[in-house]
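Worksheet: the structure to be examined is printed underneath.
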Amino acid sequence: MLDIKFIRENPDIVKIAINNKNEKSNIDKLLELDELKRTKQFEYDNLRSEQNKVSKQIGKLKKEKKDASEILSQMKEIANKVKDLSTEISYLGDQLLALILRVPNIPDSDVPIGKDESLNEFYRESGVKKKFTFALKDQTQLLEINKLVDFKRGVKIAGSNFPIFVGKGALLERALINFMLDFHITKHNYSEMKVPFIVNRKTMTGTGQLPKLENDMYHIEQEDLFLIPTAEVPVTNFFADEILLEKDLPYKFTSYTPSFRREAGSYGKDTKGLQRLHQFNKVEMVRFVKPEDSDTALMEMIQEAGDILEALGLHYRVVKLCTGDTSFASAKTYDLEVWAPGTNRYLEVSSVSNFRDFQARRASIRFRDHNGKVQFVHTLNGSGLATPRTFIALIEQYQNEDGSITIPEILRPYLQGLEKISI
RNA sequence: GGAGAGUUGCCGGAGUGGUUGAACGGGACGGUCUCGAAAACCGUUGUGGAUUUACGUCCACCCAGGGUUCGAAUCCCUGACUCUCCGCCA
């Protein structure tokens, strides 16, 4: 959420940002409502002030057993006005909130302006494309040869894009999760959090998924709860409605959760194999930092996500997202894309974002600085990493001519020493 | 699922329809004392909004939303959540 004062004073900046982000938001209407509400609020405050004063006098008169009936009848009128105004103000307030919750965050000035992913900027790459001397197989072939995933039975028991990891596939997936968690805890000094996979509406609004993306969420109607699309949601809301101490910042949390996404409207696009799933596992990193530290934190987190890929010996690249590809709540986002040689494509395995105070404002996460002043924290998060696509890259980059897969050394302790997956 | 209790500030915990933004206790912070510390004593200790150059003034907030009233933390209604016991179950 943006500061209403900021919108009021910089409507053009906000409008440009909305446009660059391909969002829709009626700022003029919002400002009109804001103005009207403030006028009414002013009237209300004055009337209440009057009412409070006179009520105190009435109290005194009654104590002294004097007659107050004349003032009482006058006050009746004010009381009615106050009631009407208060109804009106709360109605305006609701409308205003509904609008402001749909205003996206403003991209940083160094974010390239562009409509879609084709205008993302190459940032850096790591490692080299392995040279293969044989005909490569892609993920679907490798998964099948080694019997790592059962797609058909997944369809039977849940639906398409709900694969079942079986045997060594399940083992390798679990190994990746545990490896990543351990890595962030021991090498990057994160503290682990195990959170609910189902959250309420307020929580989902706090990080910015709602109201905009309601259609992309799995919703449990009976309780009005949502399946989380990422650990970011419960972990970031951990401190909702709290005022933190400056000395405790930064907080760094890592959390493994499944992620549930309806992927409404994306049918048929990149849905082969493990690329786009309704449920997938992910290890997430979340930080709460002082405003002046968030730029550095973002850079560190990109490297931390990259460290995982480097430890696994996987070639990847980093791109800086353009405005149109940067998500609703984010001010700046970098994606890590890992190389999948089977199809010679780069797959997004991590998205690292600085939200600045946008989420903190929505969820009301603040800290008291050394001057005693209360400020919003900055929040950041990044995948570290999503497992299915890491899985794809791993089996494709580590495939052998016979279709078997060599396990990277660093991962072997997590697979009871297994060196190779083969039939 | 059944029965009951509760929700007040950083925490614990009072609260009569009328100077209660809220007693009291604890914590935290500042000060006095001390070589230093503890103890003791003194003081400070909410958030958001409007207005003002500023001092300040005003408004709102005691789970949420309604209602009664000139006036609500206090009375009434609805809802959410928490806890306890029973039932069921990993």
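Each chain gets a letter, A, B and so on, in the order the sequences are listed, and its residues count up from 1.
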Using atom P of each nucleotide, how far apart are B/rU19 and B/rC62 to the nearest Å?
16 Å

Take A/F42 and A/Q51, find for each the nucleotide of RNA chain B with the closest heavy atom, and name the residue whose nucleotide sits nearer the 5' end.
A/F42

Hey, does A/V289 have a side-chain heavy atom less than 4.5 Å from the side chain of A/L380?
yes

Under a 3.5 Å cutoff on both atom distances, Watson-Crick or G-U, what's the dot-bracket for RNA chain B ([ ] crossing, | other strand)?
((((((((.[[[..)..(.....]]]((((((.......))))))((((((....)))))).[[[[[..)....]]]]])))))))....

Quick one: is B/rG71 close enough that its OP1 or OP2 comes under 4.0 Å of any side-chain N or O from A/N52?
no

Go through it in stages, so that I can follow the logic: the residues are A/S404 and A/N146, the test is side-chain hydrogen bond (donor to acceptor under 3.5 Å, both in side chains), and I'd like the CA-CA distance, side-chain angles, deciding distance and then a yes or no.
CA-CA 7 Å; A/S404 64; A/N146 294 291; over 6 Å; no

Can you confirm if the NZ or CZ of A/K320 lies within 45° of the ring axis of A/Y123 and under 6.0 Å from the centre of its six-membered ring?
no

What is the separation between atom CG on A/N46 and atom P on B/rU57, rounded to the nearest whole Å?
16 Å

P atom, B/rC58 versus B/rA64: distance in rounded Å?
24 Å

Out of B/rU47, B/rA72, B/rA50, minimum distance to the side chain of A/R366 belongs to B/rU47

Between CG of A/D241 and C1' of B/rC63 the distance, given in whole Å, is 12 Å

Taking atom C1' of B/rG48 as reference, at what distance in whole Å does atom CD1 of A/I365 sit?
17 Å

Does A/N200 put a side-chain nitrogen or oxygen below 4.0 Å from OP1 or OP2 of B/rC81?
no

Considering only the C1' atoms, how many Å lie between B/rG12 and B/rA23, rounded to the nearest integer?
14 Å

When the aromatic ring centroids of A/F355 and A/H378 are compared, is their separation below 6.0 Å?
no

From CD1 of A/I58 across to C1' of B/rG71 the rounded distance in Å is 7 Å

Gap between atoms CD and P, on A/E43 and B/rA50 respectively (whole Å)
17 Å

Any A/R8 side-chain N or O less than 4.0 Å from OP1/OP2 of B/rG49
no

If you measure only the distance, is there a donor-acceptor pair under 3.5 Å linking the side chains of A/E304 and A/Y190?
yes

Quote, to the nearest angstrom, the C1' distance that separates B/rG21 from B/rU78.
27 Å

Applying side chain to side chain contact (heavy atoms under 4.5 Å, CB included) to A/K212 and not counting sequence neighbours gives A/E23, A/F328

Residue-phosphate contact under 4.0 Å: A/R368 side-chain N/O, B/rU47 OP1/OP2:
yes

Carboxylate-amine/guanidinium proximity below 4.0 Å for A/K373 and A/D369
no

Say we look at B/rA14 and B/rU7: how far apart would their C1' atoms be, to the nearest angstrom?
15 Å

Please tabulate, for side-chain N and O atoms in residues 411-422 of chain A, each donor-acceptor pair with protein atoms closer than 3.5 Å (sequence neighbours left out).
from: A/R412; atom 1: NE; to: A/I407; atom 2: O; distance (Å): 2.9
from: A/R412; atom 1: NH2; to: A/I407; atom 2: O; distance (Å): 2.9
from: A/Y414; atom 1: OH; to: A/D182; atom 2: OD2; distance (Å): 2.6

Between A/S86 and A/A79, who's closer to the 5' end of RNA chain B by nearest nucleotide?
A/S86

Side-chain contact check for A/K5: nearest option of B/rU47, B/rA50, B/rG18 is B/rA50

Round to the nearest Å and state the distance from A/I243 atom CD1 to B/rC29 atom C1'.
16 Å

Across the strands shown, which category fits A/K56 at heavy-atom distances under 4.0 angstrom: base, sugar-phosphate, nothing?
nothing

Once you round it to whole Å, what is the distance between P of B/rU47 and CD of A/Q375?
13 Å

With a non-hydrogen cut-off below 4.0 angstrom, is A/K83 in contact with a base, only sugar-phosphate, or nothing?
sugar-phosphate

Could you state the atom-to-atom distance from NZ of A/K37 to C1' of B/rA50 in whole Å?
11 Å

Which nucleotide wins on minimum distance to the side chain of A/R38, given the candidates B/rU47, B/rA50, B/rG18?
B/rA50

Consider the side chain of A/Q41, meaning its heavy atoms from C-beta on, and name the nucleotide among B/rC59, B/rU69, B/rG71 that approaches it most closely.
B/rC59

Inspect the contact between A/D224 and A/R201 and indicate whether a charged nitrogen and a carboxylate oxygen are less than 4.0 angstrom apart.
yes

Between B/rC11 and B/rG67, how many Å separate the two C1' atoms, rounded to a whole number?
34 Å

Can you tell me how far P in B/rU44 sits from the matching atom in B/rG26, rounded to whole Å?
16 Å

For the C1' atoms, the ones on B/rG71 and on B/rG17, what distance do you get once it is rounded to whole angstrom?
8 Å

May I ask you to say what A/R201 touches in the nucleic acid, namely base, sugar-phosphate or nothing, with a heavy-atom cut-off under 4.0 Å?
nothing

